[in-house]
Amino acid sequence: MAERRSPAAAFAGRFETASASGALRLAELPFLTQLNVRVDPASLAADEVAGVLGAPLPTEPGTAVRSGELTVAWLGPDEWLVIAPEGFRYELLRKAVADGRGSVVDVSAQRTTLLVAGPRARDVLAHGCALDLHPSVFGPGRCAQTTLARTQVVLLPQQDGFLVLVRSSFAAYLAAWLLDAATEHLL
Amino acid sequence: MLLIPCPWCGPREEAEFHYGGQAHVAYPDDPSALSDEEWARYLFFRDNPKGRFAERWSHSAGCRRWFNAVRDTATNEIHAVYRVGEARPVTS
Amino acid sequence: MRRENGGRIDRGTTLRFTFDGSEYTGHPGDTLASALLANGVRQVATSVKLGRPRGIVSAGGEEPSAVVQIEAPFPEPMLPATTVELYEGLVASSLPGQGRLATEPDPARYDAVHAHCDVLVVGAGPAGLAAARAAAGTGARVILADERSEPGGSLLGTHETITESEPDDVLGPQEVMPGAEWAAATTALLDGLPEVRVLRRTTVIGYYDDNYVVAVERRTNHLGAAAPADVARERVWRIRAKRVVLATGAHERSIAFAGNDLPGVMLAGSARAYANRYGVLPGERAVVFTANDSAYAAAFDLADAGAEIAAIVDVRPAPGAACAAGARERGIEVLTGHVVTAAQGDGQLSSVLAGRLRPEAEAAVGERELAADLLLVSGGWNPVVHLFSQAGGTLRYDEALGTIVPVACRQAVEAAGAAKGVFTLTGCLADGAEAGHRALEAALGTAVSERYTPPRATTETPTAPGTAFWLVPATDYGAHFVDPQRDVTVADVLRATGAGLRSVEHIKRYTTAGTAHDQGKTSGLLTTAIVAHALGASVGELGSTTFRAPYAPVSFAALAGRDRGSLHDPVRVTALHEWHVANGALFENVGQWKRPWYYPREGEDMEAAVLRECAAARQGVAAMDASTLGKIDVIGPDAAELLDRLYTNLMSSLAVGAIRYGVMCRPDGMVFDDGTVIRLAEDHFLVTTTTGNAAAVLDWMEEWLQTEWPTLRVHCTSVTEQWATVALVGPGSREVLAGLAPDLAVSAADFPFMTWREAEIAGLPARVCRISFSGELAYEINVTSWDGLRLWTAIMDTGLVTPYGTETMHVLRAEKGYPIVGQDTDGTVTPQDLGMAWVVSKKKPDFVGKRSFARADTARADRKQLVGLLPEDPGFLLPEGAHLVAGAELPEPPVPTLGHVTSSYRSAALGRTFALALVSGGQGRAGARLYAPVGGVLVPVTVTSHVLYDPEGARRDG
Amino acid sequence: MSPRTPGADLPEHPDRLWSAAEPKSSYDVVIVGGGGHGLATAYYLAKNHGITNVAVLERGWLAGGNMARNTTIIRSNYLWDESAGIYEHALKLWEGLEEELDYPLLFSQRGVLNLAHSLQDVRDSVRRVHANNLNGVDAEWLDPEQVKQVCPIVNISPDVRYPVLGATFQPRAGIAKHDHVAWGLARAAAALGVEFIEHCEVTGLQVRDGRVTGVETTRGTIAAGRVALCAAGHTSVVAATAGIDLPIQSHPLQALVSELLEPVHPTVVMSNAVHVYVSQAHKGELVMGAGIDAANSYRQRGAFHIIERQMAAALELFPVFARAHVLRTWGGVVDVSPDASPIVGLTPVENLYLNCGWGTGGFKATPGVGWCFAHTVANDEPHPLNAPFSLDRFTTGALVDEHGAAAVAH
């Protein structure tokens, strides 16, 4: 039986080639667990969720918190994205928001995660992202839902680059776009 | 490209937003009680001032939240943004 | 003619180029214009209407005359020779007013980049460099953009000298240095700062709302054929700046006199730049015609470089003292109170007529003929206020300066230096530094005590106030050119005012002045002044016309950037896409999605393939990738209530485990979308939408939830790509499913129509829905999109299943009379029109669209309604889009239409062609004969029910 | 040295156009708005109905609004019978207008191609062609090869993102020169006695007992027997002063022009799917229209990203345009109605007449709407061709929905 397949799997080789010079590191981080969490941040359920996650839900727009292997990114005033390692069990989270107190929707396969890192990462993204990606305003601990090229993404700045979460059906387009945008930066 | 201050996410490019037309046009409580004229007004008639205009935007490529803005349609200057359900602020 | 030395050119390197078929040489640092002048080429263009010879007038982007065609390395129309940097192998030709496009696609790369800064400084002349230096001091983020290859602006074309006011740890002690050196040193300093970016060859073309500034960088053009293919030739910079300083300098303007378009007539400051920057003397014997002091500096520099200055013709009673002294020193005759009445020559300037300006006389008369091959003209300087105006800034005519100056702007911008009418070098340096500091403080929102003290000029171009002088009076204005590129003369302007026109806008349109390649950079104000003269008004009264983007011409390709070819618009694909490609599918664009259209086998055309795929679905088993359907997770205590309000039918009554088809309307009652609703739990639904409307439906739900019904406790989340969906269709589908899911009870009783089950299919966790868009026994199997390919492969590996595409899906559903939103509807169709009154709840007090069904028009009996059509010739395929008429003969137009064919197919199941159509009063016309005019023939058709296949629904349970 | 290119310049305007007038205290008819529609209405009021005591009030310079800013495409290949009726009437008038006005309008029937890029586009296009044929509007469906014959520079390669699958072609369609049209109408109307008052902004409508009696302007009050609104994007603002709300919204629409180029583009190409329409005007410049800004605005300038997108789409269709240059961009303010069709007819206020909501279709309708609107004003009754475009269609629901199929949704 065939293996399961991630949306940008076909780009693995090209990502590797593009990463060879050290100017840029491109890779897909496939099969991460992603959960869309909706809950009133002022509710007891939110506290329970925080308890399960081991970190309070970030309430400042455009921020993300890390808790061990988890990243919790603000998506909206009552909406978060939990990014966890593959296979993360979220029954406790579901329970925390049960009985109409909120929702947890598994969106792990809805988006895939691309790593854009290295010294030229910011320059590459600047070809298609209108946000100010300067580390003084968009460094680790921030997050943003925005547009990259002609598709919507969630951006999570890291110490050395960015995680770019993209809808699976757009992943091939965005991968091709990133490789194209990287052209000059790899010369 | 306007820079629209999303009440949640802060200033973002106009292209991230979806325009929603005039704000504060409530869906009628009981449409069946309306005359055809009244229903037509709800369906099709919206203010179109040259000047300050309370309008709806959705930060569709960002936090997906609808909000209201007071924008001057003669200059495109945005004088205020406010959340759905809040009263239109006085912007002089 | 090239001087023996001097100029910022690399004399050690020779570049060969061709102009109008002749070969010439030049040097790096040359423009095409300077190289042509160095080679003695005077005529570089022919005028568009009058066919007059034209030469080089300026040394910059304001050039109104010398517009050339690049032929090689790649054809490019209409570039000012003054902005084309010379490169090896350049081939150019003169133009008769129209450029020529390449016939081959442009191989070059173009891209765009976003940038953000605290302060953007536009223009790297003395004011701009000082501004950038002042703004960059504290580590602020600064962008300095300049359109030339080398920063320095006017400093590159003069011999002015500068000294720093304070010793500088980078630039060193207070040395007196040539301005160009200071510019280079300052630029080097700026280049070294990590948060400063100096953009050379970058023209700011547009200033938009919220300090959005667009610039175009020309990155490889100056390399000619050596330009690397992987480097973007041009780059669009989309800059958001907290503050902007416009140090865009000033353009010199001409004066209207007879023959002022003759090759050899040149703006004085430009001639000076050719001599100093390019080491080129544009003529050997020059006359200078001026209304201000600045042209004296040009005269002196040319004289010092070896040209003969025949005379300076100055309209003023006297020049400034320094100018008078300088002329005396050099033995140059100054004719004060004089004007040039004509430039003369055959194809190029050979002499100049000058005469006394007599205010009482109707016309100035040429009294002296001065032999000359060069005439330097200065009618004054116009601040480059284009970007300030684009930003929404107001302008005014300054009587004392005789020009338009910026006043105020709502946006965070200010002008500095010559761009705001400061014309001394020391003044520009000081003004630039001030503006840069102000911008820095405003951008940071705080006072900054550290401050850059600007340098001062140690030699200055004299700048005693000029006089605003526009027009040499004459009896015939037929050769007094206002806009040489459009061949507009003073006579044309007078004709326009004579026709009754009073507005400058009308007159520009009447004459076409200002509409050429240069967009009137040097001619705009002159035109206004001539109109004022003609109307007896003041220049200030007439005001300035609007400046529009782009400031300078910008290539289409630069604006298009990388959004070309496969990157033009995202291609959305499903998890199964690679399989479809590998198995020969042809694809249909559905919105941004690529969907398999059909899978032709060897030798099959579309018709054969679709008949085969349809037969498989009706007689065996077939499968389609249905992953593109929109999927929305709707959860919360009020989820059912939300769906009740948005769908025309009732959803709250749906049992957990069951599925219902639903239709959504807009408030106007017209069908917006349709799909299935799956009840996963009491408070949990999965809604499917059409492929094209997935995003619109989610937006629709959010809009109502957030803006109208915020108290409803519901959350909607897109899960379109979470799931891969495979439709398994056909009488044999149960067997195939059973084989793949041994633990699933698949009998019709155990797994009834319109229910769903969780199951393991091919070892994969799946949700199976028993729904059908074909009328056959069918299942939709959902697995996570990671598993999509495994599921699909497992299904195909059974060897029993035929893959089918959207075309077959269309045929199958049409045979059953199922409409496709967007194909059988067009935004003017209600559910009732589709014969689906059953989907419109009578129980619910309200739902979106309900009120509109009570309007007069939606109640009409003759509305267009969905029907089936059977062509009387069962082999005739009606074209989709064909119309229907009542009579067997076509009267003269206009002929009222009864409706049109929305879908039309050959049906394997029906053994004939059929169609769906929207027909006026169609539901009452069953059995009627109508006619479709097709290719000049009236094709008879019979109206039937829109459900043509298995109307009793006998096949759905297999 | 190449010779100068013939045809690169335009025919001269006449030596006499019109004279600016000072406002009189009263007119039989005051037309608000001196754009193409106002001028055409004035002309036909005078010519067809003998009503010559007419003033056209213009807040700026005559024909300086959308008339001066549009891309001058003229066609009548609309889908619905109602639309085809009025646009085809206009096209027939265009065909005789140059002679009638004795003015070189540069009306060039070079044909218009409307491209189809998806299977649904094809269905919609074929539907429109068949509808046009029934309405006596010339229209044909062309396959990609035929498209290439009409316009050789169109890229019909199947490998592009949205390939050209065919096009509708209206041979009688084309372009004209907007200023010439406006000035031709103005000159002819002036000759019949119509007065033009420029820099005269209407700030209010005077209404007494449900009847309009005059207009307040920046140049004083002017009494009027009848008032005809032809203010395009600004109609809402003027109508509001008489208490009339209109179902229209004003949006910026952009256009741009290139430098003069040797002839490469022999027809007009429109592509709704990718928001491009382009022709090569008489002097040789490429004239292109872009998409409409989403948000209401009266700023005569649109957003830059719309131009960028338009260019990307334009180069997909016309790769040879790559190194052409944009010389100038500009914007107009278009008044868009809910069904993308105009509103022409009577109003709840007696003697006040409405002509608005033309969106992007105003220029091509100029003589047709002038003819019909003049009839409406002169007879206090809609002309049969504009009767379907009444304001009350929004109440009954009898819209003339020219949006066509919105999105393909299967």
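Labels below follow one simple rule: chain letters A, B, ... track the order of the sequence lines, proteins then strands, and each chain is numbered from 1. Heavy-atom basis, side chains included; hydrogens, waters and symmetry copies ignored. Treat the numbers as computed from the prediction; the structure is a model and nothing was measured.
Around the CG atom of B:D29, the shell of radius 6.0 Å holds no more than 12 heavy atoms that belong to other residues, nucleotides or ligands. Within a 6.0 Å radius of CD in A:E16, no more than 12 heavy atoms belonging to other residues, nucleotides or ligands are found. Within 6.0 Å of atom CD in B:E86, more than 12 heavy atoms from other residues, nucleotides or ligands are found, so the atom counts as buried in its surroundings. Other residues, nucleotides and ligands place no more than 12 heavy atoms under 6.0 Å from the CD atom of A:Q159.
With a 4.5 Å cut-off on side-chain heavy atoms, A:L131 and B:R12 count as touching.
One finds the SG atom of B:C9 at 6.5 Å from the CD atom of A:Q145 (value rounded to the nearest 0.5 Å). Taking OG1 of A:T146 as the start and NE2 of B:H59 as the end, the distance is 6.5 Å to the nearest 0.5 Å.
The two residues A:G76 and B:C63 make their nearest non-hydrogen contact at CA-CB, 4.3 Å. Scanning all heavy atoms of the two residues, the minimum distance from A:Q152 to B:S60 falls at OE1-O, 3.8 Å.
Options A:G62, A:P77, A:P61 differ in how many heavy-atom pairs under 4.5 Å they form with chain B, and the most are formed by A:P77.
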